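For clarity, every value in this text was computed on a predicted model and none was experimentally measured. Starting from 1, each residue takes its place in the sequence as its number. Whatever order the structure lists them in is the order used to number ligands and atoms, beginning at 1.
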Amino acid sequence: MIRNKKTKDEIIRYSLSRRKFLGLTAAGAGAAALATSGFDKLQAYAAEHGQVVKTTIENGEIYSLCEMCVWRCGLVAKVRDGKITKLEGNPNHPHSRGKLCPRGQAGLGVTYDRDRLKWPLIRAGKRGEGKFYKVTWDEALDYVAERMLHIKEKYGPQAMIFSTTHNMLQQQFENLLGAFGSPNYGTQRSLCFNAMITANMLTYGFEEPGRDYNNTSYIIYAGRNMMEAISNSETQDLVEALSKGAKVVVLDPRFSKTAARATEWLPIRPGGDLAFFLAMIHDIIKNNLYDKEFVAAHTFGFDKLKQEVEKYTPEWAEAQCDVPAATIRRIAHEFAVASPRAFAHPNWRTSNFVNSFQTQRAIAVLNAIIGNWDKLGGQCPVFGEGEGVELGRVPQPPYPRTAALRLDGVPWKHPLVPLKLGIFQNIRDAILSGKPYQAHGWFIYRQNPLNSIPERRKTLQAFAKMDFIATIDVIMNDTAYYSDVVLPEATYLERFDPLAVVEGDVYIRQPAIEPLFDSKPGLWIFKELGKRLGLGDFFNYKDEEDYLRAQLKPLPVSLEELKKKGRYAPPKEGDKEKAVGIFHTSTGKIELASTVLERLGHKSVPHWQEPPRPGDNEFYLLTGKVALHTQFFTQNNEYLSDLFPENPVWINSRAAQERGIKNGDKVIVESRVGKV
Ligand SMILES: Nc1nc2c(c(=O)[nH]1)N[C@H]1C(S)=C(S)[C@@H](COP(=O)(O)OP(=O)(O)OC[C@H]3O[C@@H](n4cnc5c(=O)[nH]c(N)nc54)[C@H](O)[C@@H]3O)O[C@H]1N2
Ligand SMILES: Nc1nc2c(c(=O)[nH]1)N[C@H]1C(S)=C(S)[C@@H](COP(=O)(O)OP(=O)(O)OC[C@H]3O[C@@H](n4cnc5c(=O)[nH]c(N)nc54)[C@H](O)[C@@H]3O)O[C@H]1N2
Ligand code: SF4
Ligand SMILES: [Mo]
């Protein structure tokens, strides 16, 4: 270790217990201190440490983008006397439409969190002991580069894993791994909606169809808790559709807030959705309720589908999913009659069960046979992420070629999974087995794999096999806590990021205040690290604004103008339909029977796969988002934690009664992989 020159008093100790700061304040200074703003507390803390909290902009309103979740709504930050006093929704951004959700409004709780990461840190004690040296950026970046180059030299670039969760800097992150020469890329998608994307790619030839909430009269959700797992604009769409009288059916084992607001809630057996949808398809075909003209003209493989679903009667499905056969028949009938002003939502958390992929295929196929494609109130073509405008690029050389296999088995074991999404949890298994080769380093940006990949113990074992782990974050999350180097990124209200293209328009994220403490924008961090890794040519921009100018080069808008308005909307050529209205499958049609699955030796049509069932005295453990938190990011946010401090476990009330468990009791939840 090169850090032994440091003196003892520069060591900072962290603790993993949540809300430590709030606890201390309450006990030490009482209610008066709690009433002061996050900013004042942070400033007092800075003064104690001889730091000045600098701000440049004194007063004004700044257009920027939220980062409290991956929906990235447009926001307006109000700045008074150098402090951000309030965040509001940008009326001109399609994701916010003038409104921020509670998490978005609580964004100041990140920027003005006294516990936020403030300085680069290098581990002082053992991994997971929580002791770090406070160091300079030069020291930290030199150290990261030295360790990464050492791994590259000794084991090859493929021994470094790079992982991140969807973000506006993804292109620079991919640049880093591409230039470094590693094929090992971990994203959150396989913990999130890989199954949905893969199923839609195979059925429609693109990632996710859009939905016309404005004109719909019937929506089926299966495990999409839209009222709590908020996608701001789509949640607004649902509220509107309900108020206009659309029927909303929610399949969820839990009585979620979406179930509570729905027209009809169907408590379904976990993992049973596939049976429900197969039976709907069976019933709609059997009763000739499908759109024959559309099926003949635009789909492929109907006869095979018909043959397969013959056996999936509603009575059969009832035994698999606990929804009564008569209910399935009624819903199938209502849905077909409402079509084409009807859709079954493709859902997001779709990587939970062994049959999730088949479930997603069944949903895609159900939508296709009722002919709701490109019809009012049905499914519709939309711009994919980043589509619609061609931005300029900072010039860079091509990436070095790599012959190494990917540790996640994509595509050599798993040819259907898109390369840019991968299978994150497989990387962990490969670290543990050392096959097909041993990884030695892990570079993590904006992600918390220690919490987000199921079976934390196993992830800790994988960490233990790493010679080196670096994390870039804004808080000391669990993963950072176990890292060797922690780099503090400036929060989203303090930095520029690469431009965002949403529905064919360009949006800017820009600082409302200067970065607090010694935090730095990601664009700066990647450039400085690239330089030290000998990869400077791949980060060929002077500073953040220079990067954005290169992106804007082909467009008739200046950075200054974009900063002022927050958005550039180029004139649209033709309509969206023209841009994305074709099916990019090998038959050019919606594939009810997938030619790709067939070619790879799989059954080509959706079919039943049995999910595991719990044994006696066992339960399914399901998770669901809550409206006031984002994943593992917001537990320390003073506004959100005050409103939602604990995450209780729910159990069916009859099952609870049988076990003598009362509301508010503490229970132990135990499984094969751990106990809480
Ligand atoms: N038990 C359980 N596990 C789950 C889920 C669940 O509901 N329950 N959900 C799954 C799903 S859907 C997903 S998408 C994954 C998510 O998995 P992860 O992405 O690993 O989880 P997050 O908590 O969203 O981690 C994001 C990290 O980004 C950091 N961050 C936020 N803003 C910034 C920034 O501006 N810069 C930097 N550098 N860092 C920032 C946050 O502090 C946080 O630590 O988890 C999956 N795993
Ligand atoms: N407030 C808030 N909003 C968020 C997020 C957040 O962390 N907080 N995260 C964002 C992200 S990354 C994502 S991916 C989306 C996720 O959006 P959703 O997919 O809607 O999220 P979840 O709440 O994980 O799961 C939805 C529901 O599925 C139910 N469920 C579990 N198993 C089954 C099953 O077998 N069948 C059926 N029918 N239902 C089942 C759960 O009870 C839960 O209510 O939310 C996004 N929005
Ligand atoms: S949905 Fe909420 S948290 Fe997510 S980006 Fe929009 S306002 Fe921010
Ligand atoms: Mo997600």
Side chain to side chain donor-acceptor pair (under 3.5 Å) partner of Thr630, the single match among Gln635, Arg103, Lys625: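 The passing option is Arg103.
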Heavy atom of the protein closest to [atom] (residue, atom name, distance):
| atom | value |
| --- | --- |
| atom 16 (C) of ligand 1 | Gln631 NE2, 3.6 Å |
| atom 8 (N) of ligand 1 | Thr623 OG1, 3.6 Å |
| atom 32 (N) of ligand 1 | Phe633 CZ, 3.8 Å |
| atom 40 (C) of ligand 1 | Arg446 CG, 3.4 Å |
| atom 2 (C) of ligand 1 | Phe632 CZ, 3.9 Å |
| atom 12 (S) of ligand 1 | Arg349 CD, 3.0 Å |
| atom 19 (O) of ligand 1 | Thr165 OG1, 2.5 Å |

For ligand 1, is any non-hydrogen atom under 4.0 Å from [X]'s backbone (N, CA, C, O), its side chain (CB onward), both, or neither?
| X | answer |
| --- | --- |
| Phe193 | neither |
| Asp473 | both |
| Arg495 | side chain |
| Leu191 | both |

Show the atoms of ligand 1 that are less than 4.0 angstrom away from any heavy atom in [X].
| X | value |
| --- | --- |
| Tyr445 | 38 (N) |
| Ile475 | 42 (O) |
| Gln188 | 14 (S) |
| Asn477 | 44 (O) |

Does any N or O of ligand 1 fall below 3.5 Å from an N or O anywhere on [X], backbone included?
| X | result |
| --- | --- |
| Lys625 | yes |
| Asn448 | yes |
| Ile453 | no |
| Thr630 | no |

Location of contacts on Glu67 toward ligand 3, heavy atoms closer than 4.0 Å: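 The answer is neither.
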Whether over 12 other heavy atoms sit under 6.0 Å from Glu455 CD: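 Result for CD/Glu455: enclosed.
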Residue Lys257 excluded, over 12 heavy atoms near NZ under 6.0 Å: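 12 or below, so no.
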Atom 2 (Fe) of ligand 3: protein N, O or S atoms [distance under 2.8 Å]: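 Protein N/O/S atoms under 2.8 Å of atom 2 (Fe) of ligand 3: Cys101 SG.
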Using a strict 4.0 Å threshold on nitrogen-to-oxygen distance, state whether [X] and [Y] make a salt bridge.
| X | Y | answer |
| --- | --- | --- |
| Arg532 | Asp138 | yes |
| Glu545 | Lys563 | yes |
| Lys458 | Asp429 | yes |
| Glu67 | Arg509 | yes |
| Glu174 | Lys420 | no |
| Arg456 | Asp478 | yes |
| Arg116 | Glu494 | yes |
| Glu544 | Arg495 | no |

With Tyr185, the side chain to side chain contact (heavy atoms under 4.5 Å, CB included) member among Leu419, Ile161, Thr164: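 Of all the options given, the one that passes is Thr164.
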Within-4.5 Å side-chain heavy-atom neighbours: Tyr445 and Asn167: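 Touching, per the 4.5 Å side-chain cut-off.
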Pick from Cys192, Ser190, Ser452, Ser519: the one approaching atom 4 (C) of ligand 1 most closely through a non-hydrogen atom: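 Looking at heavy atoms only, the winner is Ser452.
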From Glu489, Met68, Arg456 - option closest to atom 36 (N) of ligand 1 by heavy atom: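 Comparing heavy atoms across Glu489, Met68, Arg456, the nearest one to atom 36 (N) of ligand 1 lies in Glu489.
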Aromatic plane relationship, Trp137 with Trp524 - under 30° parallel, 30 to 60° tilted, over 60° perpendicular: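 Ring orientation of Trp524 relative to Trp137: perpendicular.
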Distance-only side-chain donor-acceptor flag, Asn232 / Ser96, under 3.5 Å: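 The criterion, which ignores hydrogens and geometry beyond distance, is not satisfied for Ser96 and Asn232.
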Check: Phe463 ring centroid to Trp442 ring centroid under 6.0 Å: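 So the answer is yes for these two rings.
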Centroid-centroid distance, Phe162 to Phe180, less than 6.0 Å: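 Aromatic pair counts; centres sit under 6.0 Å.
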